[in-house]
Structure formats: C-alpha cells, structure tokens
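In the text below, chain A, chain B and the rest are named by the order of the sequence lines, each starting its count at 1. Remember, it's a predicted structure, so these values are computed and weren't measured experimentally.
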Amino acid sequence: MSGAFYVGAVGMQAQQRALDTIANNISNVNTPGFKRSDVRFAEVVLDRIVDGPSVPGMPVERGQLSGVQVVTAPMLSEQGELNQSGQALDIAIEGAGFLELMGSSGQTLLWRGGRLRVLEDGTLASAAGIALKAGITVPADVTAMVIARDGIVTATTGDGGEVIELGQIMLVRMGDDTAARRLDGGLYLMEDTVSLADGVPGEDGFGAIVQGAIERSTVSFNDEMVSLLLVQRAYAANAQIVQAADQLLGIANNLRR
Amino acid sequence: MVGLIESAGAILSASERRLEVIAQNTANVATPGYQRRVSFETLVANRQSSSGLPFLSTVVDTRSGQLVSTGNPLDIAIAGEGTFIVRDGERLIASRGGSFRRDEDGRMIDSLGRALQQSGGGDVVVDSDVVSIGVDGTVLVGGQPTAKIGVFAVDVTIIQSAEVGGLSHSAMDEEVADPQIRQAMVEQSNVVLGDEMVAMMATARSAEGGARIVQIYDELIGRVFTNLGQAGR
C-alpha cells in the first residue's frame, strides 16, 4: 500500500493543527496578557524496511518516511507591549515572571496580570475573583493604593491620609514553559511535579510590576497572516499528494481491463 | 517477454516509492532545518533477464535552506556546512533543525525534546533565558562562556541510516573547523513546492507508462494465443 497516502494525510493533519493554532492566536490579538503559541514542525522518522525485491548484492532499502509532526508551544517568555491604562488597579509585569493566584480548590494558578479587584471581604483578587496568593487585604477606608515595582503594596487610608503597607506581591518563574497548561482567562496551571522559582519583583530575571498598565497580546497580525498563507498552501500541496497517490492506485486497479 | 512484465511492475512500484519521497518532502515543507530527499533510480541487473530493474534510492539534498530571523534567542541555525547533534535517549541524531527551548534542568532541547550536544560531547546546559550565542557556537550567559555548541561534519550518506538507528559516538570526533552559527534564526526547509509538484506529475505519468506496458504485454500475449490458435486449426 502506498505510504504516500498516509504521509499526505499526516501532512494535512499537521497543517490543520497549525491552522487551529493560528486561528487561536488571531482571535486573541486584542486579549490583554495573551501569549501567542508558536507552531513548530518536526520530521517524523520511523524504522521500517521497505519490502523490495531481495536480489543478492542489492542494498536493502530502509524506509525513513513517515511524515511530519506539529508541536505547538505557548511562547510564555515573550514580552507584550505595555500600555498605560491609568487605572490604579491594572497591573502588568515587565519581564518574565508570573503572579500567583490561589485557585478555589487551593491550586496555584499563574497569571500575567491585568485588572485587579477588591473582593467584598477586602481581599485583593483578579478581575475573575481569584485571590492573589500574597493574601493582601485592603481596608475598607482606603482612598488610594500604590503598587511599587518591587511589589510592595501601600495604601493611604481615608482618615488623616496615613500611609500603611499592606503586603508584597511576589513573582514566580517556571523552569519549563511547556509544563504550563493554559486555562481560561489568561491563567496557567502548572503540573505538580514542576518546581517554581520564587522571587522578588525587580530582581534579576523576574521582572518588575508596573501599576496602571496593561500588557498587550504578543500576537503580531503580520506574522500570523504570513503563516496562514503558508499553511493554506502547504495543506493544498499535501492534498495534491493524496490525490496523486489515489491516481497511482487507480492506474494499478485499471491494469486489468 | 517475461522481462517486459517485470519491468512494468518495477516501474509501478518505483513510482509508488518515489511518490512517498515526494509526500515526505511536501509534508515537511515548513519543518525548520528539513533537508529534502532526492530519489533516484539505479538499474540493478537481474541475472534472469536482460532487462534492468529500477531500484529506488534516496539521498539527502544538503543545500542550505534560507535563514529567517525569528527573534527567539534559543533558535540557532547553521550558515554553511555541518549539522548539530541531538541526543534522543541514548541515540545520537544529526539535525539541522535549530529551534530549541530550555527544559527544567536547563538543557537546550528541540521541539521533540532531544537534547543539543556540545562540542566534544555532553548536553548543552544553560541556566538563564538570557543567552548570547556566538558565531562559533560559544554560549555566553551573563558574559561568561558556559558551553560550546558542537557543529559536526557528519557524512551525508550515514545520515540516512543514522536517522533510524542513531549515529555512532565516533560521529562526534569530527567537527567543522570554522562553524557559522546564527542566533535567533532558523533555517527553513529546502523543499521547493514547485519541484515537488512537477516530480509528482512526472511520477504519475511514469506509472501510466508502466501500466501501458502491462497492457501492451497483455495484448501481445492475447494475440499470440489467437493467432497460434488459428494456425493450429
């Protein structure tokens, strides 16, 4: 049976998956803090000896053809552009670190920042209502809150303008980007086995916290459009291969008239 | 006469193999560092008949693909000759594909999780995302050299079998004297889609030719039977 059929089909599948990734990137071009996924193709090689006429002295043909594989990985270390939003409760990270959130069942979720919210009990949380792991409680009579680049949160209370320190937001870094599972709302869940490195914002490699800014999506429209065209053409080419393989089989079937 | 049908069969099966090679090239049109396979037919003399049977072999086309800038500091490409060697478990594999990332232990691994080997052997380990890779493969972290990426002169003829069984460790002995490594770039596949499509059409036509030979053979044999039958009456 012709291997070209399967290689062509695998090629089409790979392009399809690449298209899915591009679609996801493009649809999130305006999502704050979104990290684009990168599509990488890799050749697949399989150990197989092609059946051939075994004539003495003739080399044995080894087949190394079994298609292509597509690997998509979120490019988590790419920095998006920071836009000033002027909102005191918007925070962004300038650097490679992540904020830690405490999920409802106690698991650690990673977040690139965005709009913060003060919950009813005063806890500082993400806009989706997931509390920061730093466990910062904002008193009810606060008039202004300042988050410094090193993550220290200070607040000015209403009576007398007294400045108090509420706590410090820390950042984490992940050793291996691919261990992160993307969740809804720009959150990432790490596998339990992966260790996270804690660090003070502003320290080497962790990045600083920027208040009043929103990190833009890292998707570049131009790049995505170019990849889209490439994927489309590559898909068509693989479809042609399947068609040609079909033609060959048709020829074989029509040998006997 | 027997040779005719054998030749036709060989043409048909060679067309199929050739299409497989074309399929592999087309599937990898966007694979970084992929080098296209070229199939060629060699005539293998068959002792039983005077006709030669085509036997398909493939070689790797080592022409470099175009280097494109990606902006990812862990993408590396070779401008010129040589290959990287990556370690897949115990096997060593030659690879021109240079899009790497760091795993948890700091090893530089490619998209299939294979660890990049340094000059003289051993995994390349970098402990920071901020790396600078020199033209000769020296990896600088914070200005300090931590590793040297190996570019090896691997014979193309062994690459084919090496992809399957792995390279022998002696492949590490020969390094390219003056490697040209480019950081934040990947080498595009050197597949030209137009060439593959033309080859595909040629393959289909050659298969048709083979089929035609079978039909002519069939007609000839048929005529032999008819004519001989008439003569015998």
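In this structure, the separation between CZ on B/Arg96 and CZ on B/Phe84 is 8.0 Å, given to the nearest 0.5 Å. Rounded to the nearest 0.5 Å, atoms CD (B/Gln215) and CG (A/Leu255) are 7.0 Å apart. In this structure, B/Glu16 CD and A/Ile251 CD1 are separated by 10.0 Å, a value rounded to the nearest 0.5 Å.
Within residues 226-243 of chain A, the residues that have a heavy atom under 4.5 Å from a heavy atom of chain B are A/Leu230, A/Arg233, A/Ala234, A/Ala237, A/Asn238, A/Gln240, A/Ile241, listed by number. Residues of residues 94-102 of chain A lying under 4.5 angstrom from chain B, judged on non-hydrogen atoms, do not exist here.
If you check the side chains of B/Asp75 and B/Thr70, you find a donor sitting under 3.5 Å from an acceptor. A/Ser37 and A/Thr21 share no donor-acceptor pair across their side chains, judged by distance under 3.5 Å alone.
Under the salt bridge (charged side-chain N to carboxylate O under 4.0 Å, His left out) criterion, B/Arg63 pairs with B/Asp61, not counting sequence neighbours. Under the salt bridge (charged side-chain N to carboxylate O under 4.0 Å, His left out) criterion, A/Glu78 pairs with A/Arg36, sequence neighbours left out.
Contact annotation for A/Ala244: both backbone and side-chain heavy atoms come within less than 4.5 Å of a heavy atom of chain B. In this structure, chain B has no heavy atom under 4.5 Å from any part of A/Met12. Neither the backbone nor the side chain of B/Asp110 has a heavy atom closer than 4.5 Å to any heavy atom of chain A. When heavy atoms are compared at a cutoff of 4.5 Å, B/Leu12 approaches chain A solely by way of its side chain, counted from C-beta outward.
In this structure, B/Gln66 places its CD atom where only 12 or fewer heavy-atom neighbours from other residues, nucleotides or ligands lie under 6.0 Å away.
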Checklist entry - Would B/Arg182 and B/Glu187 satisfy salt bridge (charged side-chain N to carboxylate O under 4.0 Å, His left out), going step by step from the backbone distance to the final call? => result CA-CA 10 Å; B/Arg182 300 281 183 270; B/Glu187 182 185 1; over 6 Å; no

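Between B/Val191 and B/Thr26 there is no side-chain heavy-atom pair separated by less than 4.5 Å. Residues A/Glu215 and A/Gln79 are in side-chain contact: their nearest non-hydrogen atoms beyond the backbone lie under 4.5 Å apart.
Scanning all heavy atoms of the two residues, the minimum distance from B/Pro73 to B/Ile133 falls at O-CD1, 4.1 Å.
For the set B/Val214, B/Thr203, B/Val29, B/Asp103, the count of heavy-atom pairs under 4.5 angstrom toward chain A peaks at B/Asp103. In terms of heavy-atom pairs under 4.5 Å with chain A, the best-connected choice from B/Glu196, B/Glu104, B/Met201 is B/Glu104.
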